[in-house]
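To start, the structure under review is shown below, and the notes come after it.
Lettering follows sequence order; numbering is per chain, from 1.
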Amino acid sequence: MEEMPKTYDPQATEPEILKKWLDGGYYRRRPGVGDCTVTIPPPNVTGMLHMGHALDDSIQDAIVRQARMAGKSTRWILGTDHAGIATQTKVDKKLKEEGKNRLEMGREKFIDACWDWTHEYGGIIQNQIRRMGCSVDFEGERFTMDPEYAEAVRKVFCDWYHDGLIYRGKRIVNWCPSCTTAISDDEAEYHNEAGHLWHLRYPLTEPVNGQDYIVVATTRPETMLGDTGVAVSPKDPEKAAFVGKTVMLPIVNREIPIFEDWHVDAGFGSGFVKVTPAHDPNDYAMGEAHGLEKINIFDEHAVVVDGYGAFSGMTRDECREAVVAWFEEHGLLDHIEDHEHSVMHCYRCDSTLEPWLSEQWFVAVDKLKGPAIEAVTSGRVRFNADRWKQSYLTWMENLKDWCISRQLWWGHRIPVFYCEDCGWEDALMEDTDVCPKCGGHHVHQDENVLDTWFSSQLWTFATQGWPQRPGELEGHHPTTALVTARDIIALWVARMVMSSEYFLGEEPFRDVVIYPTILAKDGSRMSKSKGNGVDPMALIDKYGADAMRFNLLSLFTNNQDVKFDADIDKKTHEFLGSPRTEQAKAFVTKIWNASRFLLMNMEGYTPGAPRVETPADAWMMSRLAKTVAAVTEGITGYTFGDVARTIQTFFWNEVCDWYVEVTKSRLKDDAARLQAQRNLIFVLDTSLRLMHPLMPFVTEAIWDAMPASWLDVDPETGEARRAEALMVAAWPNPADYAQYVDEKGERAFALACAVVTDVRSTRARYRISPKEALAVSVRAHGGDAAAAIESMGAFICSLANVSDLAVAVEDAAEKPAGSIALAGPDFDAFVVVGDLVDFAAERARIEKAIAKAQKELAGAERTLANEGFIAKAAPEVVAAKRERAAELAADVERLTAQLADLS
RNA sequence: GGGCGUUUGGCUCAGGGGCAGAGCACUUCCUUCACACGGAAGGGGUCGCUGGUUCAAAUCCAGCAACGCCCACCA
């Protein structure tokens, strides 16, 4: 046996363990009974992992490691997402720093630059995941732009196109006139800006109630050139008279109708809204509803198109000034007020975005949403909290057709080909430059690429050989669990369900595990711009991967947000420390040290089964059995916060603080030593297995330090059957441990602990040095308690080793001279303190205890006197209350006697 | 505007109709041969507010307040 170093050094040990795992091939997809397949939500290749990923991956690794140990066939698939717009933006930025420009380079070279980027950052992400200890199959790494994946994406597009689920249509997009591309809603940046609300007069074609004009309020007067209607609120009685009338639009002299629409807020502006369907999303919706013409007044550079006289050729800003000037000149400018409103800007060049009508591709969701709703309502797909199910269903029910085209270069190009000669158009699995209809050579492919979510919706099956090798999915789809953040339930989770139901006729995963969002210490969202984010690698550097993982998992409660307590230097944004991760590291150290102690005391050890020989063993084995059950249930039920707490309390407070301490004396006793060693090793071994999925490194390192011949010994042959690594060792089966559950044994031990604690308390109260021995005798109150105390005698004496008690446990009929009495549950303990007794202090203590007991007793008696309680409360609750009241009454009596004794 | 969440000791948070909990911090004691990243003993809370349901409410319901997150919108 190698000597374990005195302190555990994660920085030195973790790489060694990692090497062992990787060399051993343990990460590979493993055969087994039952299945656990998890696909890692693909991080964007745009940079480093953040805290959300670190939590996400810690959860998945815990799930996968437990399943692997439990003998299931595990497959954890790693991959990254090309993240169209996000990556393109990053690459654009990088090129700009190099003095280059996408438009000058051309599409092909730009895509090459994106691939370079992908390879560089994909590698970084892979290394980070490896460092966290995640046992993914690194050899099967996937990328959403791999050739096979691309084929899957193309097939989905073509199938939906031919099945009539994909169509082309006009839609308002956020158009950047300077980059000449559409920007998705998600990537547009909103800024609040001080602007104006211009109140313009539109002349009525015939007077209404003596009025010959109405006033519309607008923040964008230049768009009035494209107005095709005026809307009022249906809830605005004052405007009812105007509905159905028309106004003559100034400048362009177009007669446009006044109508009612729910979009209009009667209380805002003038109550009349000018409607420009081609240049505003709401106006577009109103235009659709009321059959209005959509007039595009801007070209792709946001310059006014021909046909508007002097206004044609003006930019948006010039046009705005000119329009306002025109209205003023003609006496139609009613008034101007200041108005702050939010304006969308291009994330790249910061230009003001123009809502612009353009041709886009859509997925019709009507046929897809039904099965996707059913998958969740039927329970085939489960969420780990009902509220996420609700938000999924709400989103699904309000789902509108999905715009899947993006005016980008980096991504899956839409596989639709057009013939310029004969007008043929089709979606094809193979590129073509010849028209299959007319044989012409003027064929071109659609310039748009697909929304990133269009490709990631296939993640659970396109990563597993679909459509090329359908057999590969066998037994691994539906996947076991999808672990992800709640903000992509709609964007990703829902779409995965839709596509999987459509193409495979089954759900993509059985469980959706939504974990809390990790916020900064002050409760705000971590973001790059605020510089309040924490790099998980900085945490690993400082505390080790196990500490980071354990702390993150302990934060996984059923709350929707959690604050991460990291201190960050406000100026340099440098990571300074995280107290909770530090505590987690202390726990890792504790595990190491306890194990080290046990291994130092194993001289003469030979393998053998555990056996309950002492009350402490009975208690420990019972606690162990319950912990095995709780941890197994917790990991498979995804309640990781509970699991972390259960494990820490068990190992630290029960194993270390009591069991190991109590067992020390048996290690010194030749007759008892071997069985004590066997029991300790059994408890340690089981504990290591239970803790492994959460803290893989330290547990594996300790396992490594234990000789192979110690564990998993075949009772028949005496041969060791130990697995070569803890990560592939057998998971403790709760059924095998159930035999050790012993409620009576647990109560008996708790009783003995109470005696010990009372004695220690006395020592502290009288400031009796630990060096000074104390004589203690105990009087049990009959029955079980007497038996417990009697059997506990040796145990309590054994504590003399650690707490210098000279204990005589006997049926003390008389209170020993010079002693003080301690009342515990079912016993009196007498501690001989001689002339150290401070009568005043002792009296005060007992009086306080009496007061407390009496207060609770009074409450209990009040409850018992309540007829309603007796009649309606559950019988066992009533019985428990009666018992408690009796106990309290006895306590009061005993304490009162003690008080009398003192005087 | 809609949805969701949170409010429990100084701090961070569990719990979830029947005795108010943990860790950290704090106080006292202990460097005894696993661990001071440790051990032992303590102090500290009207469970956000107001009502309701119930024999019984920190817990369930309603309303309110504060904080936060998500989604939508801002003519």
[atom1] atoms of [N] and [M], separation to the nearest Å:
| N | M | atom1 | answer |
| --- | --- | --- | --- |
| B:G23 | B:G18 | C1' | 27 Å |
| B:C24 | B:A65 | C1' | 30 Å |
| B:G10 | B:U27 | P | 16 Å |

Using only modelled atom types and a 3.5 angstrom limit, is any donor from either the side chain of [X] or the base of [N] paired with an acceptor on the other?
| X | N | result |
| --- | --- | --- |
| A:K590 | B:C35 | yes |
| A:Q583 | B:C24 | no |
| A:K664 | B:A34 | yes |

Is any NZ, NE, NH1 or NH2 atom of the basic residue among [X] and [Y] found under 4.0 Å from an Asp or Glu carboxylate oxygen of the other?
| X | Y | result |
| --- | --- | --- |
| A:E861 | A:R882 | no |
| A:E288 | A:K294 | yes |
| A:D280 | A:K274 | no |

With a 4.0 Å cut-off on heavy atoms, is [X] in touch with a base, just the backbone sugar-phosphate, or nothing at all?
| X | value |
| --- | --- |
| A:K881 | nothing |
| A:V264 | base |
| A:N282 | sugar-phosphate |
| A:S554 | nothing |
| A:R645 | sugar-phosphate |
| A:W652 | sugar-phosphate |
| A:A586 | base |

What's the closest nucleotide to the A:Q560 side chain, out of B:A41, B:U12, B:G68?
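The answer is B:G68.
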Nucleotide of B:A34, B:G39, B:C4 approaching A:D657 most closely (side-chain heavy atoms)
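Shortest atom-to-atom distance from the side chain points to B:G39.
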Say whether A:T517 and A:R486, considering side chains only, have a donor N or O and an acceptor N or O under 3.5 Å apart.
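Yes, side-chain donor-acceptor contact under 3.5 Å.
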Side-chain donor-acceptor pair under 3.5 Å between A:H196 and A:E337, yes or no?
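No - no donor-acceptor pair under 3.5 Å links their side chains.
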In whole angstroms, how far is the C1' atom of B:C33 from the CD atom of A:E661?
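Taking atom C1' of B:C33 as the reference, CD of A:E661 is at 12 Å.
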More 5' along RNA chain B: A:D565 or A:Y8, using each one's nearest nucleotide?
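Closest to the 5' end, via its nearest nucleotide, is A:D565.
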Here's a test of your reading of the structure: between A:T589 and A:T517, which maps to the more 5' nucleotide of RNA chain B?
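Closer to the 5' end of RNA chain B: A:T589.
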Qualifying residues under ring pair (Phe, Tyr, Trp, His ring centres under 6.0 Å), relative to A:Y284, sequence neighbours excluded:
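Counting only residues at least two positions away or on another chain, A:Y284 forms no ring pair (Phe, Tyr, Trp, His ring centres under 6.0 Å).
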Between A:N559 and B:A14, is there a side-chain N or O to OP1/OP2 distance below 4.0 Å?
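Result: yes.
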Base-pair map of RNA chain B as dot-bracket, where | denotes pairing with a different strand and pairs are Watson-Crick or G-U under 3.5 Å:
(((((((..((((....[..)))).(((((.......))))).....(((((..]....))))))))))))....
For ring-ring contact (aromatic ring centres under 6.0 Å, His included), just list the numbers for A:Y8 and A:W592, CA-CA rounded to whole Å, side-chain angles, deciding distance to a tenth of an Å, and then say yes or no.
CA-CA 6 Å; A:Y8 176 68; A:W592 178 263; 5.0 Å; yes
